S.K.: 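Questions regarding the structure given below will be posed in turn.
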Amino acid sequence: MLMSKQDARQNRNFHPVSAPDFLPLPQLRDLQWQRLRAIVQRADEHVGLYRKRMADRGLKPQDLRGLEDLVHLPFTEKTDLRDTYPFGLFASPMKEVVRLHASSGTTGKPIVVAYTRQDLRVWTNVVQRSLAACGLHEGDIIQNAYGYGLFTGGLGAHYGAEALGATVIPISGGNTQRQLMIMKDFGVTAICCTPSYFLHLIDQSPECGVDIKELPLHTGVFGAEPWTESMRRRIEQDSGIKAYDIYGLSEIVGPGVAMECVCQAGPHIFEDYFYPEIIDPKTGKPCPDGQEGELVLTTLGKQAMPMIRYRTRDITALETGPCECGRTLRRIRRISRRADDMFIIRGINVYPSQIETALLKVEGALPHYQIILTRERGLDVMEVQVEVTPEVFGDTVGALQSLQEKLTKSIETLVGLRANVRLVQPRTLQRSEGKAKRVLDQRKM
Ligand SMILES: [Zn+2]
């Protein structure tokens with residue numbers, strides 16, 4: 001159920017905190033330039049790694065003449081955060097750092113990020129603007145089911161929602177029955193969590209005697225994992241809410257780097273604080289607007305840990321066309337692909353989101369799936385397990401076979417590979433209470 005453009009305009013509910021979202025472009029570019037100059041100066045003065053890399057290129061901060069010179073600066077990568085663990089990229093002394101977060105990290109040491117008081121104000125501001133952008137305001141009751149703790153999701157969403165004047169329920173992740181009970185009993189109007197966890201809540205709701213469609217819940221702020229447009233449609237259909245995509249990453253600030261407005265036309269980047277570029281991930285060369293590549297972000301206001309040209313590994317494109325909402329902030333195409341999630345099978349690059357799109361195209365398939373990679377006699381094998389509706393599962397063997405063939409074909413058409421599709425009963429695949437793990441790679445290296 002897409003909102004008509006007219007509805008979107010009427011629904012704009014302009015909130016004063018959103019004023020920077022509508023800055024005329026010349027002013028926005030000027031603000032970005034002033035902030036960029038200051039941040040490069042700061043990084044050069046206080047962070048050894050940046051100073052060295054600038055020096056290696058024979059660059060000084062004062063060599064920058066405008067925003068367009070940003071392309072000459074060196075990239076920063078995730079490995080830089082690991083290599084300088086824990087505090088090597090801090091540009092503020094510890095006495096000015098008031099908060100640390102860390103990523104769980106799949107291998108070895110986590111990456112650590114730091115915030116000064118001012119950084120927390122900026123973070124709160126962008127999350128507040130994010131929530132305002134999708135129409136939330138005072139009086140909304142927000143169930144914050146992002147994990148609280150070292151992960152940036154919980155506290156990031158929390159302070160932004162409080163600043164907005166909404167009522168925050170800091171429930172954190174997990175304990176699905178209690179989530180549903182509180183959602184119903186407290187009259188929750190909006191929820192923040194990963195899209196896969198919300199699917200799980202939808203799934204469990206009948207057992208808990210809750211009909212989500214009958215609740216006051218109208219908005220979902222979903223992020224922290226890539227998800228597809230087909231997944232959005234399923235969520236909206238099955239719950240009757242509007243599902244919005246919030247984008248962020250701890251290295252840059254946490255949630256609130258970009259957020260969709262009521263037009264649902266891709267997240268607007270809060271460009272006054274985060275400057276976006278798209279590069280060719282292979283060559284590192286800038287891509288023209290509209291072309292897909294890797295998103296690179298420069299923090300324009302971060303004191304404790306400035307990030308210059310940080311390579312996010314997220315694949316997207318910059319949309320520069322006007323948005324119906326009137327924001328001048330550029331949008332990114334919804335990120336459904338992360339370079340890190342890509343797997344190679346028989347020489348073909350595959351993203352879990354492609355499998356998701358292929359599955360959800362077919363009626364009878366549920367948005368719960370798992371990809372299992374194995375190697376048989378030296379050959380890569382991809383098995384896709386997908387839950388199907390109880391109706392299909394109770395149907396004839398012929399009907400099941402026909403669905404299996406349709407799904408196999410849908411994947412083959414989209415990915416160019418034949419997968420072994422295995423239909424499983426509803427609610428048999430493992431659910432995640434945070435970020436979904438879609439791929440199980442059991443191939444021995
Ligand atoms: Zn918009």
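Just follow the structure's listing: the first ligand is 1, and inside any ligand the first atom is 1. Predicted, not measured: the structure shown is a model, and the values here were computed from it.
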S.K.: Would you say that Arg334 contacts Arg232 through its side chain, given a criterion of any heavy-atom pair below 4.5 Å between the two side chains?
M.R.: yes
S.K.: State whether Tyr115 and Lys302 meet the cation-pi test: NZ (Lys) or CZ (Arg) under 6.0 Å from the six-membered ring centroid, and within 45° of the perpendicular axis.
M.R.: yes
S.K.: Can you list the residues that meet the side chain to side chain donor-acceptor pair (under 3.5 Å) rule with Gln370, with sequence neighbours excluded?
M.R.: none
S.K.: Closer than 2.8 Å to the Zn ion (ligand 1), how many protein N/O/S atoms do you count?
M.R.: 4
S.K.: Once the angle between the rings of Phe222 and Phe198 is folded into 0 to 90°, is it parallel (under 30°), tilted (30 to 60°) or perpendicular (over 60°)?
M.R.: tilted
S.K.: Of all heavy-atom pairs between Val439 and Pro352, which one has the smallest distance, and what is that distance?
M.R.: CG2-CG, 3.8 Å
S.K.: Count the heavy atoms of every other residue, nucleotide or ligand shown that sit under 6.0 Å from CD of Gln430, and state whether that count exceeds 12.
M.R.: no
